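Report on one structure; see the data block that follows.
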Amino acid sequence: MGMLERWRGFSLFQRVLLAILAAMIVGFGIAIPTVAGRKGIEYRDALLRFTQEGEVRRYTGRVDWKRTEFTVRPGGTVEYRWGDEFYGPYQVVEDPSAAPERWMAGLEIHQGGQTLFRGGLSGGSWPVLYDEEGGLFEFITVSYGTSGGKVYDSTGRELTQRDLHAPGLNTVAALALQEPELAHRGNFSLYLLATLLAGFNMFLICFPGLMFRRSARWYIRDPEAAEPSDFYIIMERAEWVVFTGIAAALYWLALTAID
């Protein structure tokens, strides 16, 4: 039996599922390489896309549905915008004498004539600030209250949305002192896993009788003469839908994952 004859013999339900699976394989196969070409930095579960204008670096994206941008200028100046809120400019000044350990980058961070931090920066994938005494530096410590979901700091002061979206000084320091390693959205390994599942599901949909008889031969003498029950058919179709849903979820994770 040719593929055209087999397609004509499929039910509408089978055709719809096969079309959905094929569209996901092709659509995500195009989308994932496209988004993977857009480089940026990971910040608060978002990807801020990197652009450069002369010596000025910008990292732009959306955090909590609002436009977000870091601007890094020569000389250690960092500005940050979240929606209509502006933070900075922060001035990062290298000072080796401020580092509590020799392997750290010593620095000070200033804003409007005020010194916000003096100590050392531990580089790597997760930059961490340490004060001059070697203690871990925390820019803001928050705790969640019990009245209306409000958020308070360690002193009991209620924090506004502006407070909550202030950039971490560790991020400010890392951007000023070094060009961070760029990441991208799109995970090809997850795409291949999703495609493997989608292909297997398409095989199940195209050859339901074959799968039924292969499983039935373990329980009956003449599987070629056996017919599936209505309950088996319902469960079989439910399995196709479940596999399609899992494949869709894996494709979405493959597209949105930051790698």
Side-chain angles (χ1 to χ4, degrees), residues 40-145 150-183:
I41 60 170
E42 184 177 2
Y43 180 71
R44 298 192 178 184
D45 298 324
L47 184 72
L48 305 185
R49 188 177 178 183
F50 168 71
T51 57
Q52 185 158 357
E53 303 169 2
E55 295 186 12
V56 178
R57 291 180 282 127
R58 299 185 190 277
Y59 303 88
T60 308
R62 287 191 175 273
V63 173
D64 292 341
W65 307 102
K66 291 190 178 183
R67 179 178 172 83
T68 301
E69 182 178 82
F70 279 102
T71 302
V72 184
R73 304 185 186 278
T77 300
V78 180
E79 300 167 353
Y80 178 70
R81 286 185 181 274
W82 177 74
D84 295 329
E85 301 289 349
F86 176 80
Y87 302 83
Y90 302 97
Q91 186 66 41
V92 181
V93 180
E94 294 189 69
D95 183 354
S97 67
E101 300 290 343
R102 297 178 63 181
W103 51 269
M104 294 182 185
L107 58 97
E108 289 185 345
I109 302 177
H110 305 280
Q111 182 185 13
Q114 178 184 4
T115 300
L116 302 180
F117 172 80
R118 176 178 169 83
L121 173 69
S122 172
S125 301
W126 299 93
V128 179
L129 290 177
Y130 294 87
D131 60 29
E132 287 186 285
E133 304 301 322
L136 184 64
F137 176 79
E138 295 183 3
F139 181 44
I140 292 180
T141 301
V142 301
S143 59
Y144 290 85
K150 295 180 179 179
V151 184
Y152 303 87
D153 66 10
S154 56
T155 66
R157 182 176 67 90
E158 182 179 346
L159 299 177
T160 65
Q161 285 295 310
R162 175 178 172 81
D163 296 326
L164 292 172
H165 285 88
L169 292 187
N170 57 333
T171 302
V172 170
L175 288 175
L177 296 183
Q178 60 193 22
E179 292 191 25
E181 183 177 351
L182 298 180

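Heavy-atom basis, side chains included; hydrogens, waters and symmetry copies ignored. Each residue takes its place number in the sequence, starting with 1. Keep in mind that what you see is a predicted model, and the values were worked out from it rather than measured.
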Quick check: closest heavy atoms across [X] and [Y], and the distance to 0.1 Å?
X      : Y      : answer
Val92  : Ala173 : CG2-CA, 4.3 Å
Val56  : Pro74  : CG2-CD, 4.3 Å
Val72  : Ala176 : CG1-CA, 4.3 Å
Pro100 : Gly119 : CD-C, 4.2 Å
Leu47  : Gly40  : CD1-C, 3.8 Å

Point to revise | Ring centres under 6.0 angstrom apart (Tyr59, Phe70) | key: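 Not close enough - the centres of the two rings lie 6.0 Å or further apart.
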Ignoring hydrogens and angles, tell me if any N or O in the side chain of [X] forms a donor-acceptor pair with the backbone of [Y] under 3.5 Å.
X      : Y      : answer
Thr68  : Lys66  : yes
Arg162 : Phe86  : yes
Glu85  : Ala166 : no

**Study point:** Arg118 and its salt bridge (Lys or Arg N to Asp or Glu O under 4.0 Å) partner, picked from Glu133, Glu94, Glu132
**Key:**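 Going through the options one by one, the only one that passes is Glu132.
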Any [X] side-chain heavy atom under 4.5 Å of [Y] side chain:
X      : Y      : answer
Gln111 : Tyr87  : no
Tyr43  : Pro167 : yes
Phe137 : Asn170 : no
Leu107 : Asp95  : no
Glu69  : Arg62  : no

So how far is it from [X] [atom1] to [Y] [atom2], rounded to the nearest 0.5 Å?
X      : Y     : atom1 : atom2 : answer
Leu175 : Thr71 : CG    : OG1   : 10.5 Å
Leu164 : Asp64 : CG    : CG    : 9.5 Å
Arg73  : Glu79 : CZ    : CD    : 4.5 Å
Arg57  : Glu55 : CZ    : CD    : 10.5 Å

Exercise for review: Starting from the C-alpha separation in whole Å, work towards a yes-or-no answer on side chain to side chain contact (heavy atoms under 4.5 Å, CB included) for Thr171 and Ile41.
Suggested key: CA-CA 11 Å; Thr171 302; Ile41 60 170; 5.6 Å; no
Point to revise | Gln52 atom CD, neighbour heavy-atom count above 12 within 6.0 Å | key: yes
Practice item. Tell me, yes or no, whether the heavy-atom count around Trp65 atom CH2, taken from other residues, nucleotides or ligands under 6.0 Å, exceeds 12. Key: no
Review point. Could you walk me through whether Tyr90 and Leu169 pass the side chain to side chain contact (heavy atoms under 4.5 Å, CB included) check?
Key: CA-CA 9 Å; Tyr90 302 97; Leu169 292 187; 4.2 Å; yes
Exercise for review: Test Thr60 against Arg49 for side chain to side chain donor-acceptor pair (under 3.5 Å), laying out the working first.
Suggested key: CA-CA 5 Å; Thr60 308; Arg49 188 177 178 183; over 6 Å; no
Point to revise | Contacts of Glu101 that satisfy salt bridge (charged side-chain N to carboxylate O under 4.0 Å, His left out) - sequence neighbours left out | key: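 For Glu101, no residue satisfies salt bridge (charged side-chain N to carboxylate O under 4.0 Å, His left out) once neighbours in sequence are set aside.
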Exercise for review: For Arg81, enumerate each residue passing the salt bridge (charged side-chain N to carboxylate O under 4.0 Å, His left out) test, keeping only those at least two apart in sequence or located in another chain.
Suggested key: none
Exercise for review: Taking ring pair (Phe, Tyr, Trp, His ring centres under 6.0 Å) as the test, write out the residues that go with Tyr130, two or more places apart.
Suggested key: none
